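Here is the structure we will look at.
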Protein chains: 2
Amino acid sequence: MPPSTVDTRTRIMDEAQALILDRGYSATSVGAIVEQADLTKGAFFHHFDAKADLARALVERWAEHDLAHLDAALARSDRLARDPVQRLLVFVGLLEEAWEGLTEPYAGCLFVSYVAEAGLFDEGTHAVIRDTLLRWRTEVHGLLQAAADAGPPSVEVDLEATADLLVVAFEGSFVVSRALGEADLVARQIRQYRTYLEGLFGG
Amino acid sequence: MPPSTVDTRTRIMDEAQALILDRGYSATSVGAIVEQADLTKGAFFHHFDAKADLARALVERWAEHDLAHLDAALARSDRLARDPVQRLLVFVGLLEEAWEGLTEPYAGCLFVSYVAEAGLFDEGTHAVIRDTLLRWRTEVHGLLQAAADAGPPSVEVDLEATADLLVVAFEGSFVVSRALGEADLVARQIRQYRTYLEGLFGG
DNA sequence: CGCTACATACCGACCGGTTGGTATGTCCTC
DNA sequence: GAGGACATACCAACCGGTCGGTATGTAGCG
């Protein structure tokens, strides 16, 4: 296998992502990216047609990992619990677990970076983000509906909004966690969400 | 009142804020700002020492309005309800009310914009955001504590994290609302938060 | 094997345009 | 006529992107 191609492209993407998470897309020049990756502009534009091409590749990779994470938690909670309510709570518990023990670098989210500079990206790039968030809505809503079918929640509640609250709690946590410099904030907020669900469906 | 000075400065800030909310701080050039405000660079640098000076002024104004909003809701809920639990629920209800009926432009938050490009701003600017969020934490935690003292919540819960969840729900809603193009998402999420509190303290 | 033909990976100089910022000038008001 | 409120003109640095070139394959063929 040629040691170069894939490696270099990935390295560019990794360095670019780190820079974008820190200072945003627009402030991340391709000059800075290639310097960080110890390359030249020639190398960059060999692998990407334009800077926007990189942006698209990055968000697609991020969405892919994100959905893989979702599917994994879905599958595991499916295996670990039979009861719909338990399945729901285990699912959220697994997510919480994944964000525990986070200390040093406060979480960043590429979606937040892109949304904050939304005016710079084309429809296709936005669609990647939208589709990913909608997958979360659909899947979580499915879990909630199954739990509600097994036994109605303690109070009447908008199940779609409840599903969205998980994603909202994640994205909001990323923002607030960085703003306050508190790494454990994400996991604590997901735990809050779980407490909410326990109250609704009876833990 | 002199019609010029304050007006021009405010106009610069307004246009700059609108642009930053749309495409971020870095991608908002002072050239674009003065063009939007129908001015020239001379005018801009007459009112601001540097672009960073504008950034600071904007976040300070935003924080001021944000805290005024908080204080108003705090004062009104104080007047409208005597019981600590009712006071808490009315407080959140007022916030929800303020975000209802929002249709056209999906909400943006300057804090989100700044956090997404955190690496570009100095400590002082970050401190403004941090202090503002901490005020929310303190005040909401106070309301929660008072409610808990009047009658313990239905389940044991981390009251500080519960306080943070309100801010997290706001910031997260701003992000997701823009990403999905759903203007009513903010109010629906704040309503979810209220439902959570009702479950904890008994509406 | 040796030769040709072509592809991939990367370099570094360079281009036009834009950036934040400055220096100077002009007009209006007190 | 002094000072504030702008406009005009300009600069050096940097921006995304192009281009000619090179080094290293790699596949086909005799």
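A quick note: this is a predicted structure, and the numbers were derived from the prediction, not measured. Chain letters run A, B, ... following the sequence lines, proteins first and then strands; every chain starts at 1.
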Whole-Å distance separating the [atom1] atom of [X] from the [atom2] atom of [N]:
{"X": "A:Leu54", "N": "D:dG17", "atom1": "CG", "atom2": "P", "answer": "10 Å"}
{"X": "B:His46", "N": "D:dG3", "atom1": "NE2", "atom2": "P", "answer": "14 Å"}
{"X": "B:Asp38", "N": "D:dT8", "atom1": "CG", "atom2": "P", "answer": "11 Å"}
{"X": "A:Leu19", "N": "D:dC15", "atom1": "CG", "atom2": "P", "answer": "12 Å"}
{"X": "A:Glu35", "N": "D:dC14", "atom1": "CD", "atom2": "C1'", "answer": "13 Å"}
{"X": "B:Leu120", "N": "C:dT19", "atom1": "CG", "atom2": "P", "answer": "16 Å"}

Any A:His47 side-chain N or O less than 4.0 Å from OP1/OP2 of C:dC10: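 Indeed, a polar side-chain atom of A:His47 lies that close.
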All pairs passing salt bridge (Lys or Arg N to Asp or Glu O under 4.0 Å) where residues 36-48 of chain A contributes a residue, at least two apart: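 Of all non-adjacent pairs touching residues 36-48 of chain A, none passes salt bridge (Lys or Arg N to Asp or Glu O under 4.0 Å).
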Listed once per pair and sorted, the salt bridge (Lys or Arg N to Asp or Glu O under 4.0 Å) pairs that draw on residues 63-75 of chain A, sequence neighbours left out: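 Output for this query lists A:Asp71-A:Arg135.
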Under the ring pair (Phe, Tyr, Trp, His ring centres under 6.0 Å) rule, what pairs show up with a residue in [range], not counting sequence neighbours?
{"range": "residues 66-89 of chain B", "value": "none"}
{"range": "residues 17-42 of chain A", "value": "A:Tyr25-A:Phe121"}
{"range": "residues 74-97 of chain A", "value": "none"}

Atom CD of A:Glu35: over 12 foreign heavy atoms under 6.0 Å: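 Not more than 12 within 6.0 Å, no.
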Each nucleotide N or O in nucleotides 28-30 of chain C that has a protein N or O under 3.5 Å away: list the pair and distance.
none

Pairing residues for B:Tyr196 by the ring pair (Phe, Tyr, Trp, His ring centres under 6.0 Å) criterion, not counting sequence neighbours: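 Testing B:Tyr196 for ring pair (Phe, Tyr, Trp, His ring centres under 6.0 Å), a comparison that skips the adjacent residues, returns A:Tyr196.
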Sequence-distant partners of A:Glu123, side chain to side chain contact (heavy atoms under 4.5 Å, CB included), two or more places apart: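 Applying side chain to side chain contact (heavy atoms under 4.5 Å, CB included) to A:Glu123 gives A:His126, A:Ala127, A:Arg130.
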Expected rows: protein N/O vs nucleotides 20-27 of chain C N/O, under 3.5 Å:
{"residue": "C:dG20", "atom": "OP1", "partner": "B:Lys51", "partner atom": "NZ", "Å": "3.2"}
{"residue": "C:dG20", "atom": "OP2", "partner": "B:Val30", "partner atom": "N", "Å": "3.0"}
{"residue": "C:dG20", "atom": "N7", "partner": "B:Lys41", "partner atom": "NZ", "Å": "2.7"}
{"residue": "C:dG20", "atom": "O6", "partner": "B:Lys41", "partner atom": "NZ", "Å": "3.3"}
{"residue": "C:dG21", "atom": "OP2", "partner": "B:Lys51", "partner atom": "N", "Å": "2.8"}
{"residue": "C:dG21", "atom": "O6", "partner": "B:Lys41", "partner atom": "NZ", "Å": "3.1"}

